[in-house]
Amino acid sequence: MTKVYVGMSGGVDSSLTAALLVEQGYDVTGVYMKNWTQDLPGMKCPWADDLADAKRVAVQLGIDFKVFDFENEYKQKVVDYMIDEYKLGRTPNPDIMCNQEVKFKIFLETALEDGADLIATGHYARVADGKLLQAVDTNKDQTYFLYRVTGEALTKTLFPLGEFTKPEVREMAKERGLFTAGKKDSQGICFVGQIGIREFLSQYVEQKAGSIIDKQTGKVLGQHDGAIFYTIGQRHGLDVGGGLPYYVVGKDMEMNEVYVTTNLNDDALWRPELTIASVHWINETPQPGEYQIRVRHRATLIATELSFNEGGSVNLHLGNAERAVAAGQSVVIYHDDVCIGGGIVS
RNA sequence: UGGGGAUUCGCCAAGUGGUAAGGCAUCGGCUUUUGGUGCCGACAUUCGGGGGUUCGAAUCCCUCAUCCCCAG
């Protein structure tokens, strides 16, 4: 009997994932990954509640349940990475790093060592022949967050939810009477939870006043308390009013200055061409040519001409310019339904 | 110091006798397993202060204050 370790977060998706695998005849073990347990000012970390929920469902399903403690790894590989990137003035995507380093690496390794044959998670994605495919529910597809997983890891991974839509998942969870059937979807960076990225960062970074400058006139419009807290395309949090809305179009980390404009067509806001580094291919390296890309989770796929640069970076010529693509964000590349990999915007 | 103009929510800005538009910002919510975007809702009993005219004024008159422009 195939032994599967299911990552259970205490949410509906992973709960149903475990239930489906049991029904499919696998020998299922539920695993709660303890990645972050710190409370933050103004927000209680929900890990204890999530753990309790995951455990309840495991009991309901009559499966074994374990807790894997990855707090150190998570702090180093995900949180520190995120903070370092922000300090460089970039805008990282910690959840992608979490999948690369924790769920599909340490968790996978630990599970295999512990006797598992396969692992499973509640991601909306599909695997076929070691390839990563978009979920049937394209509206909910989460392959964007998974492009840094290796093809080898995928051969040992099951994504049972990839065949269903979110409403179906909720319905099935309800039919089975799972404790978590009615639980609200989590959102935002898992560990940051309810508080914003800004509040989180200010725990680790010193706040320093700087100027908000109008790119068009050069006038100082106001003050902010750290260029690190702003990202390109951002509108809110500037506290600058009068006439049209202002959007962030750039920043200077050295000078601690944030540049804004009311011009929606500003060149800095639109990227018809992207260069990505730290490129990762799930399977084999693709040939230059026509592909589709996605610049953020849930964005529609857009046609792209892919070519390779000297030094390994990849150049992407977009069919339509994308708005507010920040350095540090990920571009994920698709060939029809297959997610073939991607890279990080330079 | 003469002459002219201005003063409406944190910001921009309608409104010239009939009982305070709108936009930005902000706050709250929705959307979303990243940042961000977007959407919805809330947001001046009050119009620089004080008098007066009028049934009734932000809108007319007087006066004080502040700011701006031209003369010096």
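Proteins come first, then strands; the chains are lettered A, B, ... in the order of their sequence lines, and each starts at number 1.
- Comparing A:Arg198 and A:Gln142 against RNA chain B, the residue whose closest nucleotide sits nearer the 5' end is A:Gln142.
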Produce the list of close N/O pairs, under 3.5 Å, pairing protein atoms with atoms of nucleotides 40-44 of chain B; give distances to one decimal.
none

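- With sequence neighbours excluded, no residue forms a side chain to side chain donor-acceptor pair (under 3.5 Å) with A:Thr29.
- Remark: A:Ala227 pairs with A:His224, A:Lys251, A:Met253, A:Asn256, A:Val258 by the side chain to side chain contact (heavy atoms under 4.5 Å, CB included) rule, at least two apart or across chains.
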Name each donor-acceptor pair under 3.5 Å that joins a side chain in residues 3-13 of chain A to protein atoms two or more places apart or in another chain, with its distance.
{"unit_1": "A:Tyr5", "atom_1": "OH", "unit_2": "A:Asp114", "atom_2": "O", "d": "3.3"}
{"unit_1": "A:Tyr5", "atom_1": "OH", "unit_2": "A:Asp114", "atom_2": "OD2", "d": "2.5"}
{"unit_1": "A:Ser9", "atom_1": "OG", "unit_2": "A:Gly11", "atom_2": "N", "d": "3.3"}
{"unit_1": "A:Ser9", "atom_1": "OG", "unit_2": "A:Ser14", "atom_2": "OG", "d": "3.3"}
{"unit_1": "A:Asp13", "atom_1": "OD1", "unit_2": "A:Tyr124", "atom_2": "OH", "d": "2.9"}
{"unit_1": "A:Asp13", "atom_1": "OD1", "unit_2": "A:Lys166", "atom_2": "NZ", "d": "2.9"}
{"unit_1": "A:Asp13", "atom_1": "OD2", "unit_2": "A:Lys166", "atom_2": "NZ", "d": "3.1"}

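- In this structure, the separation between CH2 on A:Trp281 and CG on A:Asn283 is 11.5 Å, given to the nearest 0.5 Å.
- Between the C1' atom of B:U33 and the CD1 atom of A:Ile96 lies a distance of 11 Å, rounded to the nearest Å.
- Note that NZ of A:Lys156 is 10.5 Å distant from CD of A:Glu109, once rounded to the nearest 0.5 Å.
- Taking the side chain of A:Lys140 as heavy atoms from C-beta on, and the options B:C30, B:U34, B:U33, the nearest nucleotide is B:U33.
- As rounded to the nearest Å, B:U19 and B:G49 have C1' atoms that lie 22 Å from one another.
- Rounded to whole Å, the P atom of B:C43 lies 40 Å from the corresponding atom of B:U63.
- Taking atom CD on A:Glu85 and atom C1' on B:U34, their separation rounds to 12 Å, with Å as the unit.
- With rounding to whole Å, A:Gln234 atom CD is found 11 Å from B:G35 atom P.
- Regarding A:His236, its NE2 atom lies at a distance of 13 Å from the C1' atom of B:G29, rounded to whole Å.
- Candidate nucleotides B:G35, B:U34, B:C30 were compared by shortest atom distance to the side chain of A:Pro94, and B:U34 ranks first.
- Atom name P, nucleotides B:G52 and B:C47: the rounded distance is 16 Å, in whole Å.
- As rounded to the nearest Å, B:C60 and B:C11 have P atoms that lie 24 Å from one another.
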(message) For Watson-Crick and G-U wobble pairs within 3.5 Å on both distances, what is RNA chain B written in dot-bracket notation, | included for inter-strand pairing?
(response) ((((((((.[[[..)..(...]]].(((((.......))))).....[[[[[..)....]]]]]))))))).
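- Partners of A:Phe70 under the ring pair (Phe, Tyr, Trp, His ring centres under 6.0 Å) rule, at least two apart in sequence or in another chain, are A:Phe68.
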Could you give the side-chain donor-acceptor pairs of residues 332-341 of chain A under 3.5 Å, partners two or more places apart or in another chain?
{"unit_1": "A:Tyr334", "atom_1": "OH", "unit_2": "A:Thr143", "atom_2": "OG1", "d": "2.8"}
{"unit_1": "A:Tyr334", "atom_1": "OH", "unit_2": "A:Arg294", "atom_2": "NH1", "d": "3.1"}
{"unit_1": "A:Asp337", "atom_1": "OD2", "unit_2": "A:Arg126", "atom_2": "NH2", "d": "3.2"}

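- Separation of the P atoms belonging to B:C40 and B:G22 is 14 Å when rounded to the nearest angstrom.
- Residue A:Leu264 contributes atom CG, which lies 18 Å from atom P of B:G36 at whole-angstrom precision.
- Residues passing the side chain to side chain donor-acceptor pair (under 3.5 Å) test with A:Thr231, sequence neighbours excluded: A:Thr91.
- One can place CG of A:Asp185 at 16 Å from C1' of B:U34, the figure rounded to the nearest angstrom.
- Here B:G35 is the nucleotide among B:U31, B:G35, B:U33 with the atom lying nearest to any side-chain atom of A:Ile197.
- A distance of about 38 Å separates the P atoms of B:C55 and B:A42, rounded to the whole Å.
- Counting heavy-atom neighbours within 6.0 Å of A:Asp129 CG, excluding the residue itself, gives a total of 12 or less.
- Residue contacts shown for A:Lys166 are absent, as no nucleic acid heavy atom lies under 4.0 Å away.
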Side-chain donor-acceptor pairs of residues 46-54 of chain A under 3.5 Å, sequence neighbours excluded:
{"unit_1": "A:Asp50", "atom_1": "OD1", "unit_2": "A:Lys183", "atom_2": "NZ", "d": "3.0"}
{"unit_1": "A:Asp53", "atom_1": "OD2", "unit_2": "A:Lys183", "atom_2": "NZ", "d": "2.7"}

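- Listed by first and then second residue, the side-chain hydrogen bond (donor to acceptor under 3.5 Å, both in side chains) pairs that reach into residues 316-331 of chain A are A:Tyr147-A:Ser330, A:Glu273-A:His317, sequence neighbours excluded.
- Between the P atoms of B:C30 and B:G35, the separation comes to 15 Å (whole Å).
- Atoms OH (A:Tyr246) and P (B:C11) sit 14 Å apart, rounded to a whole Å.
- For A:Ile232 and A:Asp239, each mapped to the nucleotide of RNA chain B holding its nearest heavy atom, the one lying further toward the 5' end belongs to A:Asp239.
- Not a single donor-acceptor pair, N or O on each side, falls under 3.5 Å between the base of B:G36 and the side chain of A:Arg323.
- Proximity of a side-chain donor or acceptor of A:Tyr144 to a complementary backbone N or O of A:Val295 within less than 3.5 Å is detected.
- Within the 4.5 Å cutoff, no side-chain heavy atoms of A:Glu101 are placed close to those of A:Glu73.
- Taking atom OH on A:Tyr230 and atom C1' on B:U37, their separation rounds to 17 Å, with Å as the unit.
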Polar atom pairs (N or O), protein with nucleotides 20-23 of chain B, under 3.5 Å:
{"unit_1": "B:G23", "atom_1": "O2'", "unit_2": "A:Gly243", "atom_2": "O", "d": "3.1"}
{"unit_1": "B:G23", "atom_1": "N2", "unit_2": "A:Gly243", "atom_2": "N", "d": "3.0"}

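- When the P atom is used for both B:C9 and B:G50, the distance is 16 Å, rounded to whole Å.
- As judged by a 4.0 angstrom heavy-atom cut-off over every strand, A:Gln329 is placed among the base-contacting residues.
- Across all strands, A:Gly122 comes closer than 4.0 Å to no nucleic acid atom at all (heavy-atom distances).
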Scan the side chains in residues 199-209 of chain A for donor-acceptor partners under 3.5 Å anywhere in the protein, sequence neighbours excluded, and list what turns up.
{"unit_1": "A:Glu199", "atom_1": "OE1", "unit_2": "A:Gly196", "atom_2": "N", "d": "3.1"}
{"unit_1": "A:Ser202", "atom_1": "OG", "unit_2": "A:Arg198", "atom_2": "O", "d": "2.8"}
{"unit_1": "A:Ser202", "atom_1": "OG", "unit_2": "A:Glu199", "atom_2": "O", "d": "2.9"}

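- Considering only the side chain of A:Tyr247, B:G38 comes nearest among B:U34, B:G38, B:G35.
- An OP1 or OP2 oxygen of B:U33 is reached within less than 4.0 angstrom by a side-chain nitrogen or oxygen of A:His297.
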